[in-house]
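Input: a single structure, listed below in structure tokens.
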Amino acid sequence: MHLFSCGATGRQAQPPTQPLDWEKVVKLAVEQSVTYTVALPIKKYDLGCPPHIVERLTSSLRGAAVKNALKTDAVLDILQKMEHAGIPTLLFKGIDVARYYKNPECRVSADTDIYVRPEDEERAARFLEGEGFEMKKRPSDSNHAVGSHPTIGRVELHIKFISDEFSGILLKDWSVDENAFTNCVKQQLSGREYYALEPCDNLIYLTFHMLKHFLYGGISLRMMMDNALYSKNNLGAIDCKRYEDMLTSAGFLYLMQVIFGAMVKYCGFDETDFPITPVLNDEDITALLNDLEAGGWQGQKAGVDGVFAWYCYRYQEADKSGDKRELGNIRQGHLNEYKDIVFPPMETMSKLYPKLSEKRYLYPYYLSRRLFEKSGKLLSGKASVPKLMIKDESELSDTAKERLELFKNLKIM
């Protein structure tokens with residue numbers, strides 16, 4: 001965390017006070033998707049890192065930084081073309097937040113997030129196809145369509161900022177979609193102009209996006225830094241009371257105070273850098289960071305256990321509040337998941353049966369074959385139907401129970 005914060009903010013890194021397993025440091029940086037930002041202070045300062053590791057990191061850093069800078073220029077160019085074509089856009093997350101890093105080109109993200117009005121979705125998708133993107137149709141239960149480009153990579157075309165799955169938990173008093181373009185602000189990056197959410201809404205979104213991932217499987221160090229840097233650099237333009245009220249209404253105020261407390265304790269921020277007062281509770285900060293390390297990037301190491309904790313949490317919260325609409329959404333969501341298990345989409349089936357990538361017309365054959373194989377395993381007892389509707393904590397694994405206990409300690413249950 002010290003190295004990452006030094007790379008993100010440009011402050012000088014301090015040598016370790018005791019022997020360090022540098023391969024483990026690099027491994028953790030990779031797991032948190034912050035390798036290149038961590039590499040910056042290792043390259044710049046004599047911290048005792050073995051030369052072969054420094055050279056390895058420096059080499060990968062150069063390539064990633066150049067590639068990311070070119071991608072950023074290409075994205076900004078496309079956004080300007082969309083504006084000229086009469087398709088208003090908002091850029092959010094990755095590229096928009098990266099400008100607050102000391103070396104923006106080293107904050108590398110897997111995709112680019114663009115928001116458009118729902119009525120412009122089809123035009124925007126066709127426009128991106130004209131720019132060389134291969135666009136996939138947005139699933140009915142998703143808030144974004146996905147496109148891929150041979151050099152720019154993945155783009156997510158959003159028509160909502162928060163998906164329906166999480167709106168019942170997070171969106172109590174916040175609805176930015178209707179006024180996103182009314183309150184947007186013009187920004188500049190690399191001499192190019194683009195539009196983004198106004199600062200208070202932008203921070204609320206960044207926070208809710210991070211909380212969504214925390215609930216679903218795990219927080220990430222980069223998201224923590226994104227929120228911290230955005231807060232510090234826009235504090236004068238953020239309605240602090242409104243931000244605090246949003247968190248209080250959704251039930252996540254204490255959790256965010258602990259997250260900002262971790263940034264104060266380990267990443268060189270001041271308590272006055274944030275719109276809410278950080279909590280410097282060592283026990284809760286340690287529990288949060290243990291969960292971060294155990295889960296890796298967005299909880300991917302936790303796997304289904306982290307997701308099952310979310311299922312249980314979501315059901316209990318909806319049941320406790322008597323929210324019939326949310327309970328209905330939960331049931332529908334699980335039905336959709338069962339449907340995807342029984343009738344996997346073409347993308348999933350192509351991974352199971354590579355021939356489908358070239359011969360898509362064979363999908364019915366391979367689907368029938370898969371159903372036959374699965375039915376045989378179910379009848380013989382070699383497989384079981386996955387349980388997705390988890391209501392009771394006793395149904396959870398030990399790992400999932402630990403996550404649920406963390407939820408309670410951080411006062412979100």
Side-chain angles (χ1 to χ4, degrees), residues 1-11 25 28-38 40-41 92-94 96-102 104 106-110 113 170 202-235 238 243 246-247 250 252-282 284-302 306 403 406-407 409-412:
M1 288 182 75
H2 172 70
L3 291 171
F4 175 52
S5 65
C6 290
T9 63
R11 66 193 180 96
V25 170
L28 289 171
V30 171
E31 288 179 358
Q32 286 297 318
S33 194
V34 295
T35 311
Y36 309 116
T37 311
V38 167
L40 286 167
F92 63 106
K93 287 199 303 181
D96 180 52
V97 180
R99 60 201 168 99
Y100 297 112
Y101 283 67
K102 179 67 175 177
C106 296
R107 186 212 175 276
V108 178
S109 54
D113 295 276
L170 296 171
N202 212 338
L203 179 60
I204 292 172
Y205 170 76
L206 288 172
T207 297
F208 281 0
H209 176 72
M210 175 172 63
L211 295 176
K212 177 194 82 170
H213 282 287
F214 173 72
L215 291 171
Y216 196 70
I219 206 168
S220 84
L221 188 55
R222 195 174 70 195
M223 289 179 186
M224 292 169 65
M225 182 60 72
D226 286 353
N227 275 264
L229 286 175
Y230 195 90
S231 294
K232 180 177 179 178
N233 285 278
N234 292 278
L235 195 58
I238 292 169
Y243 179 71
M246 295 297 105
L247 287 170
F252 295 94
L253 177 61
Y254 184 73
L255 170 56
M256 275 310 298
Q257 289 177 309
V258 171
I259 289 172
F260 285 145
M263 303 308 288
V264 170
K265 185 173 182 180
Y266 292 109
C267 293
F269 286 86
D270 294 328
E271 293 183 50
T272 55
D273 288 335
F274 308 110
I276 56 175
T277 304
V279 168
L280 299 174
N281 181 308
D282 287 344
D284 288 338
I285 289 175
T286 299
L288 176 79
L289 298 181
N290 284 344
D291 182 69
L292 179 148
E293 184 174 347
W297 170 249
Q298 296 182 2
Q300 290 179 1
K301 284 170 63 179
R403 290 219 81 224
L406 178 66
F407 290 176
N409 292 339
L410 294 175
K411 303 178 183 179
I412 66 173

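Scope of the values below: all heavy atoms of this structure, side chains included, with no hydrogens, waters or symmetry mates.
- When all heavy atoms of Gly7 and Pro41 are compared, the closest pair comes out as CA-CD, 3.8 Å.
- The environment of NZ in Lys102 is sparse: at most 12 heavy-atom neighbours from other residues, nucleotides or ligands sit within 6.0 Å.
- Pairing each heavy atom of Ser109 with each of Gly94, the nearest pair is OG-CA, 4.1 Å.
- Residues meeting the side chain to side chain contact (heavy atoms under 4.5 Å, CB included) test with Leu410, sequence neighbours left out: Phe214, Tyr254, Leu255, Val258, Asp284, Leu288, Leu406.
- Of all the heavy atoms in Asp291 and Gly218, the pair that sits closest is OD2-CA, 4.4 Å.
- Annotation for Tyr101 and Met225: closest pair OH-CG, 3.4 Å, computed over non-hydrogen atoms.
- Taking each heavy atom of Gly261 and Leu280 in turn, the nearest pair found is O-CD2, 3.4 Å.
- Residues Asn227 and Phe274 form no side-chain contact, since every pair of their non-hydrogen atoms from C-beta on lies 4.5 Å or further apart.
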(Q) Please evaluate residues Met256 and Tyr243 with respect to the criterion side chain to side chain contact (heavy atoms under 4.5 Å, CB included), reporting the C-alpha separation (whole Å), side-chain torsions for both, the decisive distance (0.1 Å), and the verdict. (A) CA-CA 11 Å; Met256 275 310 298; Tyr243 179 71; 3.6 Å; yes
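- Here CD of Gln257 is found 11.0 Å from CD of Glu271. Values are rounded to the nearest 0.5 Å.
- Contact detail for Ser220 and Leu292: the closest heavy-atom pair is C-CD1, 4.0 Å.
- Distance CG/Leu215 to CZ/Phe407: 5.0 Å, rounded to 0.5 Å.
- Contact of the Ile285 side chain with the Tyr266 side chain is registered, since non-hydrogen atoms from C-beta on lie closer than 4.5 Å.
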Q | Ser5 vs Arg11, side-chain hydrogen bond (donor to acceptor under 3.5 Å, both in side chains): CA-CA, chis, key distance, verdict | A | CA-CA 8 Å; Ser5 65; Arg11 66 193 180 96; 3.0 Å; yes
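- The shortest side-chain heavy-atom distance between Lys265 and Met1 does not fall under the 4.5 Å cut-off.
- For the atom pair Gln32 CD and Arg222 CZ, the distance stands at 10.0 Å (nearest 0.5 Å).
- In this structure, CZ on Phe260 lies 5.5 Å from OG1 on Thr207, to the nearest 0.5 angstrom.
- For Lys93, the side chain to side chain contact (heavy atoms under 4.5 Å, CB included) criterion is met by Asp113, Tyr205, Leu206, His209, not counting sequence neighbours.
- Between the CG atom in Leu229 and the OG atom in Ser231 there is a gap of 9.0 Å [rounded to 0.5 Å].
- Arg107 places no side-chain N or O within 3.5 Å of a backbone atom of Pro104 that could act as its donor or acceptor partner.
- Using modelled atom types, one side-chain atom of Asp273 and one backbone atom of Asp270 make a donor-acceptor pair closer than 3.5 Å.
- For the atom pair Leu211 CG and Leu247 CG, the distance stands at 7.0 Å (nearest 0.5 Å).
- For Asn234, the side-chain hydrogen bond (donor to acceptor under 3.5 Å, both in side chains) partners at least two apart in sequence or on another chain are Tyr100.
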(Q) Checking Met224 against Leu289 for the side chain to side chain contact (heavy atoms under 4.5 Å, CB included) test, could you report, in this order, the C-alpha distance in whole Å, the side-chain angles of both residues, the deciding distance, and whether it holds? (A) CA-CA 11 Å; Met224 292 169 65; Leu289 298 181; 4.3 Å; yes
